[in-house]
Every structure is written in structure tokens, then in C-alpha cells.
Participant: 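Before we start, here is the structure in question, set down as C-alpha cells.
Chain letters run A, B, ... following the sequence lines, proteins first and then strands; every chain starts at 1.
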There are 2 protein chains.
Amino acid sequence: MQKEITIYDIAERLGVSATTVSRALNDNPRINKKTREKVHQLAKELGYRHNTLAANLRKQQTKTIGVILHEVNSYFATSVLAGIEKVTTPENFDILITHSAETAEREKANVKNLINKRVDGIIVSLAMHSHDIEHFAPVFDREVPLVFFDRVLQGAECTKVVIDNFQGGYDATNHLIGQGCKKIAHITGDLDLNVYMDRYKGYQKALKDHKIKLNKELVKVCGLNKAETTQAVTEMLEHQPDAFFIPSDFAAAVCMEILHNKGLRIPEDIAVFGFNNDMLSDLITPKLSTIDYPGFLMGEMAAKTLIEQIKLRRKNKNVKDHTIVIPTEIILRESSVRKTAKPKR
Amino acid sequence: MQKEITIYDIAERLGVSATTVSRALNDNPRINKKTREKVHQLAKELGYRHNTLAANLRKQQTKTIGVILHEVNSYFATSVLAGIEKVTTPENFDILITHSAETAEREKANVKNLINKRVDGIIVSLAMHSHDIEHFAPVFDREVPLVFFDRVLQGAECTKVVIDNFQGGYDATNHLIGQGCKKIAHITGDLDLNVYMDRYKGYQKALKDHKIKLNKELVKVCGLNKAETTQAVTEMLEHQPDAFFIPSDFAAAVCMEILHNKGLRIPEDIAVFGFNNDMLSDLITPKLSTIDYPGFLMGEMAAKTLIEQIKLRRKNKNVKDHTIVIPTEIILRESSVRKTAKPKR
DNA sequence: TTATAAATTGCAATCGATTGCAATTTTTTT
DNA sequence: AAAAAAATTGCAATCGATTGCAATTTATAA
């Protein structure tokens with residue numbers, strides 16, 4: 001392997017200074033056009049590659065955004081990443097993706113790592129079991145721009161991008177009630193998380209608005225994975241619900257499979273409502289009613305906000321925290337729409 | 001924002017040299033235990049954060065692996081990433097993920113970017129429309145370890161991790177024939193790609209072994225997205241096939257929906273066979289028979305091989321290219337198993 | 001007590017690009 | 001032709017950690 005070519009090598013061969021080479025490669029107008037061309041030409045010939053490390057060290061900025069995801073294995077996660085990328089690519093930011101596998105320890109290690117790498121900003125969706133944001137202290141101390149999205153900590157003073165989970169929960173429940181359902185089971189995730197809590201609140205509000213008393217027996221918290229959902233649904237069936245509102249399409253699909261195996265008709269006997277509008281919700285039979293969760297848009301908004309903050313920070317202007325709420329959309333499909341019900345609108 | 005603390009700051013306060021601080025922080029046994037502890041203690045107090053950029057520049061290694069994916073939006077991609085991560089995390093390598101959105105230009109830009117960032121090695125799955133590997137020249141010139149996986153270029157001399165696509169295609173087709181199918185339609189992707197070509201060859205071989213003549217009208221290449229698949233399937237139905245072997249679970253699911261809408265029974269009227277064993281194949285009705293595509297294992301193998309090569313390279317030993325073939329597994333579910341057929345074993 | 005070995009610490013160069021300031025050269029103006 | 005302005009280039013310091021080699025201190029052996 002030959003030694004890497006540096007600007008000094010180019011400078012020497014051309015009989016100019018490294019300064020000039022550096023400027024030429026950056027197309028600095030201060031350098032004569034002819035010189036610039038000569039430099040570019042030779043750089044190409046020699047197979048010169050810019051050393052980002054050295055440049056970043058000197059410039060004290062990396063043009064890199066760190067992303068901490070609680071999990072990557074989902075359509076939602078990839079949508080968010082795609083949204084982030086759409087914004088960062090044209091702005092020439094790279095993204096460094098880490099994931100915390102739902103644990104606070106991994107999250108902490110990721111924060112540390114990203115700071116060590118001197119990322120210019122961080123986008124985070126909190127891990128399931130991350131109940132405080134103390135481990136973000138190094139980020140706040142350094143005033144590294146930070147945007148939380150989706151899974152956020154209620155109350156914390158920081159910039160957040162969230163969707164209107166309350167409204168989503170309300171719309172889903174309201175729709176089910178409109179279909180004649182009266183005993184709506186709600187199997188959901190950890191209520192310490194804003195996303196599940198807000199949906200639950202929406203569920204409660206809808207019941208209240210229709211003067212249906214909340215029955216705690218119909219509400220069950222679980223991990224929303226296949227095993228736990230299976231158990232939760234099976235247990236719940238003893239209370240004979242006439243609908244399931246499960247704010248996770250995957251878990252709702254698992255639920256539907258169980259109902260199917262028991263010979264229960266969907267939606268005639270039991271209606272099912274999911275959340276997220278995952279790819280699969282449109283492919284299973286019957287198709288699953290759900291709430292569209294615009295991951296792509298969320299990623300876009302988070303990245304856009306973050307980049308704004310990064311730019312402000314460079315100018316030493318101070319940044320004020322704010323919260324962006326993205327509206328949801330209800331998507332009605334076969335799993336919850338009873339033929340006998342009057343069409344809405 | 002206060003200035004970042006460096007080893008010099010710590011050195012000054014402790015009245016020792018920066019060398020000692022650096023060594024102490026790295027737990028170098030050459031430094032007295034007490035000194036080490038003092039350094040660690042003060043570093044913690046001052047909120048010192050190691051500057052990875054500076055260290056990497058000096059050490060001429062980044063402990064980072066670049067990953068170029070043709071697309072990130074799939075269960076397969078996330079499985080591969082998870083597999084890679086399983087290997088890299090304990091070895092303290094970070095991963096830098098880029099995606100080429102199936103275009104050769106983006107792929108080229110990504111290669112350049114990763115080289116500029118001085119990653120220690122690269123793992124690549126080629127973009128759909130990347131028909132040569134000339135743009136990897138900068139990688140080869142520098143002898144940066146490189147492992148191709150899944151989508152590889154046939155013939156090229158480099159290390160590859162692939163699965164046995166031929167066997168998968170053969171097994172799927174063979175199974176369908178065993179179920180009594182005689183007109184097996186094959187809707188597949190770009191045959192320039194090894195993955196689709198090999199599956200197609202397996203399909204052909206199975207037909208041949210059962211003395212069924214290949215009917216080109218039953219073979220159709222398309223993009224395997226929803227729109228193109230819909231069109232291909234609709235057209236194909238005019239030839240009245242008794243089975244669809246579509247080597248993509250998503251496209252197979254789209255196909256099933258069309259068949260369902262036309263009132264065709266699966267598998268009685270038409271059997272359907274997918275490829276990948278995606279999450280959704282187990283959730284749709286009827287459940288989809290498929291070939292398990294062990295993305296996680298693939299990621300693991302690719303990362304393991306790459307790290308071996310990186311280590312060899314550091315010792316200046318030369319690396320020899322090799323190909324790792326991962327076996328597939330056939331997964332039989334409702335969409336292809338006819339009740340009337342004799343159960344296999 | 002002196003010689004030798006082992007432990008501990010530091011000097012100074014290095015990794016490669018960037019940039020404020022100054023110097024030099026060229027062009028334009030008077 | 002001299003003075004002023006504009007264009008072009010270079011010097012040298014800087015970013016922060018690492019490391020080969022040497023120096024110093026401490027412990028052990030003779």
C-alpha cells in the first residue's frame with residue numbers, strides 16, 4: 001500500500017504552499033483559477049483523498065448528526081431515518097446511527113460515544129426504560145443541539161417533535177364506539193412512555209365523551225411483543241370485549257391471528273384497531289384499521305429543527321426550546337368497519 | 001459554553017505531562033496506579049471527554065466500519081445491521097451506515113465519503129444498478145478491507161458472503177412441483193443481480209430434474225414493488241399458472257391479495273411461494289411459504305470476516321479473498337401446501 | 001554502600017488540514 | 001511613472017491525542 005497523499009505532497013510537486021493547495025481544493029476564490037485547476041488536476045492524478053478527520057479536528061465541527069434510536073428493527077425506524085436523511089443529505093451532513101436496544105445503559109453509552117466523536121447535534125428517541133435524562137447532561141453542558149422525537153420525556157425542557165398521540169387514541173376509540181362497540185379492550189405498552197400514555201388518555205376521553213364508564217379490567221399493559229401480546233389477548237377474551245384497540249399494528253396483527261384461530265369474525269364479532277400504519281397493516285386479512293404515524297415527516301421535522309439549531313449555535317445565538325406536534329390521520333379499513341354500520345359522512 | 005477540557009488542562013492542574021495523562025486515561029500499566037487514579041478522578045470532575053477525532057488522526061485508524069446498503073427500508077436490512085452490530089460492538093467498532101438508494105451514483109459518493117472518513121473497513125451490498133465495481137478502485141488501491149454481501153458481482157475477486165440462492169430457488173420450485181404444480185409462474189427481479197439470477201437458475205434446474213420444459217412466458221422480470229408486481233401478476237394470470245414463485249415475500253403478498261380479490265383460492269387453485277421469510281410472511285392469511293434468508297447471520301459473518309481482515313492488515317499480513325456461502329432453509333406454510341397432497345415425511 | 005534493574009515520567013515530533021495575518025505580485029488609477 | 005488598490009500566495013500556529021526514545025526516580029541485588 002502506498003502512503004496516503006496529503007496536501008503537502010501536492011504542494012511540493014507544484015512548488016506552492018500547502019495553504020494554497022488547501023484553499024484550491026476548497027475552491028476558495030482567493031486562489032487563482034489556473035492554480036486551482038492545476039491543484040485539482042494533480043490531486044486527481046495522485047488519487048488524493050481529503051482527510052476528514054484532520055479537517056474536522058481543525059475546524060471543530062464534524063458535519064455529522066448522531067441519531068439514537070430505541071430500536072432499528074421496524075418500518076417506523078427506517079421511515080424516520082429516511083426522513084432525516086432527506087434533510088441532511090442536501091445540507092451535507094452525515095448521520096451516525098446508534099441504537100439503545102431499549103436499555104438506559106446502552107443509551108448512556110451512545111450519548112458518550114457521540115460526544116466523543118464530536119457530532120454537531122443529536123436526535124433521540126428515548127429507550128423504553130429510560131426514565132430520566134440525566135445521562136444527557138454532557139450534551140446539555142456543552143450546549144450541543146439536541147432534539148427528542150416520538151418517545152420523549154414529559155416535562156423536560158428541550159426541543160421535541162411528537163405526533164398527536166392523544167388525538168390518535170381519541171379518534172380510534174371514537175370510531176370504534178361509532179361502530180357500536182361498547183366494551184373496547186385496550187392492550188398497550190409501558191405507560192411511562194408518553195406515546196402510550198397519551199393514546200390511553202385519548203381512549204379515556206373518547207369513552208367519557210360517550211358516557212361510557214372506564215373499565216380497568218379492559219385495560220392491560222404488556223411488552224407488545226408476540227409472546228406477551230398473545231397472553232394478554234387470551235386473558236382479555238375472558239372479559240368478552242367487542243373490540244380491541246391495540247396501539248401497535250404488529251401486536252394488533254398478532255391479536256387478529258388469535259381471534260381468527262378461535263373462529264371469531266373480524267369485525268363482526270370483534271373489531272380490531274391498530275396504530276402506526278405499518279406496511280403489514282395493509283397486507284393482512286382483513287386489512288387493519290389504524291392511525292397513520294408519519295415517521296418520514298417526523299424525521300424530516302426533527303432534522304430540520306436540529307440543523308436550524310446547529311446553525312444558530314455557530315452564530316452564538318441562543319436557541320429556544322419548542323415542541324412540534326405533527327397531526328395524525330385515521331385510516332379505516334376492514335378490521336373495524338362493520339357493514340351494518342351507517343357509513344360516516 | 002465552557003471550553004472543552006483537554007488532556008493538557010488535566011496535566012497542568014496535576015503538575016504532570018500530557019503524556020502521562022494520556023497514558024493514564026488509557027490505563028497504561030506504565031503509569032503508577034495512584035497517578036492513574038488521580039487523573040481519572042480529575043477527568044471525571046472536569047467533565048473531560050476524549051476527543052476521538054484527534055486520537056484517530058494520530059493513530060491512523062478509526063475503529064469504524066462503513067456499511068453501504070442498497071436500501072435500508074426492509075426487515076432484511078435491519079436484520080443484517082443487527083448481525084453486524086452483534087459482532088462489532090464487543091470489538092469496539094462503530095458502524096457508519098450509508099445507503100445508495102439503488103443508484104450507482106449514490107454508491108460511488110458513499111465509497112468516497114467512507115474513504116475520506118478513513119473507515120477501517122467496508123461492508124457492501126451492491127445497488128441494483130451497479131454493474132461494475134470500478135468505483136471501488138480507491139478502496140482496492142488503499143487495500144482497505146472490503147466485504148461484499150448478498151448482492152455481489154459475479155466473477156469479481158473479492159471476499160463475499162452470500163446465501164445459496166440457487167438452492168433456495170431449487171427447493172421452492174421442487175416443493176411446488178411436489179404439490180402437483182405444473183405451470184409455475186416466476187416473477188422476479190433484475191437478472192443482472194446474482195440473487196435473482198441464481199434463484200432463477202435453481203427454478204430452471206428443478207423444472208429440468210422433473211422433466212418440465214421451461215416456458216419463458218411464465219417468467220417475468222419486474223421491479224418487485226407494488227405497482228409493477230400488480231401489473232406483472234395480472235398479466236401472468238392470462239397464462240393460467242397453477243403456482244407463483246415470487247422470490248420476495250412482499251411481492252408475493254401483493255400477488256396473494258390480487259388472487260384473493262379475483263376469488264382464487266390459495267393454495268387450492270394457485271399456490272404461492274415467496275422468499276426471505278420476512279415478518280409479514282407469518283402474519284398474512286394464508287401464511288406464506290418461503291425461503292428463510294438469514295440476514296442476521298449474514299451480517300454476523302460479513303462483520304466477522306471483515307474484522308479478521310482488518311486485524312491481518314494491521315499486522316501487514318496479506319489477505320486472501322474467499323467466498324462464504326450460507327445455507328438457506330425452506331419454510332412451508334399454508335400458501336403452498338395442498339391438503340390433498342401427501343404430507344412430506 | 002554501590003551497581004543494576006525496574007518502574008515511572010516527560011520531551012518533542014507527529015497525524016493532515018485550516019486560517020488569521022502578512023507579504024508579495026499584479027493590476028488599475030492618477 | 002508613481003501611488004493606490006486588488007489579487008494572489010505563504011508563514012506559522014492550531015486543533016488534541018499518541019508514542020518512540022530518553023531521562024529520572026525508585027527498588028532490588030551484589
Participant: Through what angle, rounded to 10 degrees, does the axis of the helix from C:dT1-D:dA30 to C:dT30-D:dA1 turn between its ends, using five pairs per end?
Facilitator: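 Answer rounded to 10°: the end axes differ by 40°.
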Participant: Taking the six-membered ring for Trp, are A:Phe136 and A:Phe140 parallel (under 30°), tilted (30 to 60°) or perpendicular (over 60°)?
Facilitator: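 A:Phe136 vs A:Phe140 ring planes: tilted.
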Participant: Report the C-alpha separation of B:Thr19 and B:Ser22 in whole Å, then their side-chain angles, then the decisive distance to 0.1 Å, and conclude whether the side-chain hydrogen bond (donor to acceptor under 3.5 Å, both in side chains) test is met.
Facilitator: CA-CA 5 Å; B:Thr19 304; B:Ser22 171; over 6 Å; no
Participant: Assign each of B:Pro29 and A:Thr6 to its nearest nucleotide of DNA chain C by heavy atoms, then name whichever residue's nucleotide is nearer the 5' end.
Facilitator: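 In this pair, the answer is B:Pro29.
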Participant: Quick one, which residues of residues 51-64 of chain A touch DNA chain D with a heavy atom under 4.0 Å?
Facilitator: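 Here the set is A:Leu57, A:Arg58, A:Gln60.
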Participant: Tell me whether the OP1 or OP2 atom of D:dT18 has a side-chain N or O from B:Tyr8 closer than 4.0 Å.
Facilitator: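 For D:dT18, neither OP1 nor OP2 has a side-chain N or O of B:Tyr8 closer than 4.0 Å.
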Participant: Checking A:Arg314 against A:Asp120 for the side-chain contact (heavy atoms from CB on, under 4.5 Å) test, could you report, in this order, the C-alpha distance in whole Å, the side-chain angles of both residues, the deciding distance, and whether it holds?
Facilitator: CA-CA 10 Å; A:Arg314 281 199 194 133; A:Asp120 292 340; 3.3 Å; yes
Participant: Without decimals, in angstroms, what is the distance between B:Tyr48 OH and D:dG16 P?
Facilitator: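 Whole-Å distance recorded here is 10 Å.
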Participant: Starting from P on D:dC15, measure out to CG on A:Asn116 and report it in whole angstrom.
Facilitator: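 It works out to 19 Å between those atoms.
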Participant: For the residue pair B:Phe149 and B:Phe76, does the interplanar ring angle fall in the parallel (under 30°), tilted (30 to 60°) or perpendicular (over 60°) class?
Facilitator: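 Rings of B:Phe149 and B:Phe76: tilted, as their planes differ by 30° to 60°.
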Participant: Salt bridge between A:Arg142 and B:Glu4, side-chain N to carboxylate O under 4.0 Å?
Facilitator: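 A salt bridge links A:Arg142 with B:Glu4.
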Participant: Nearest whole angstrom, please: distance from the P of C:dG10 to the CD1 of B:Ile7.
Facilitator: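 Checked: the CD1 to P distance equals 12 Å.
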Participant: At a heavy-atom distance below 4.0 Å, what parts of residues 17-27 of chain A sit against DNA chain D?
Facilitator: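 When residues 17-27 of chain A is checked for heavy atoms under 4.0 Å from DNA chain D, the hits, listed by number, are A:Ser17, A:Thr19, A:Thr20, A:Arg23.
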Participant: Quick check for you: to the nearest 0.5 Å, what is the distance between A:Leu81 atom CG and B:Thr78 atom OG1?
Facilitator: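 The OG1 atom of B:Thr78 is 10.5 Å from CG of A:Leu81, to the nearest 0.5 Å.
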